[in-house]
Amino acid sequence: MPLILMLTAGVITCIITYVQGYSVLAKLTSLLIVLLVFWFLGSVLKWTLDFFDAQNEEKQKEDGEVIEKEIETSPEEQEAHTKEEASEEG
């Protein structure tokens, strides 16, 4: 992600500086600055997306554990539990 963002910004910068008629030194300086800025922005974006993805995976894992615990209870155990609840009510 950072690489694609950085290279796209670099291509756009090269085109704009060429059309505007910048000197070679000005072209290279602006290209270097743009590449560094967009690499940093891409890295921050990647880190943010990875952070949210890790949170989502952890939440899905926790939800999966709850479902597994419910499934692990056999029908006989569920029936016995239901009978216990009925006898406590009556």
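Just so it is clear, the structure is predicted and the values come from calculations on it, not from any experiment.
No more than 12 heavy atoms of other residues, nucleotides or ligands sit less than 6.0 Å from atom CD of E58.
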Side-chain donor-acceptor pairs under 3.5 Å in residues 26-42, sequence neighbours left out?
residue: T29; atom: OG1; partner: L25; partner atom: O; Å: 2.7
residue: S30; atom: OG; partner: A26; partner atom: O; Å: 3.0
residue: S30; atom: OG; partner: K27; partner atom: O; Å: 3.0

Donor-acceptor pairs under 3.5 angstrom involving side-chain atoms of residues 8-18: please list them, not counting sequence neighbours.
residue: T8; atom: OG1; partner: I4; partner atom: O; Å: 2.7
residue: T13; atom: OG1; partner: A9; partner atom: O; Å: 2.8
residue: T17; atom: OG1; partner: T13; partner atom: O; Å: 2.9
residue: T17; atom: OG1; partner: C14; partner atom: O; Å: 3.1

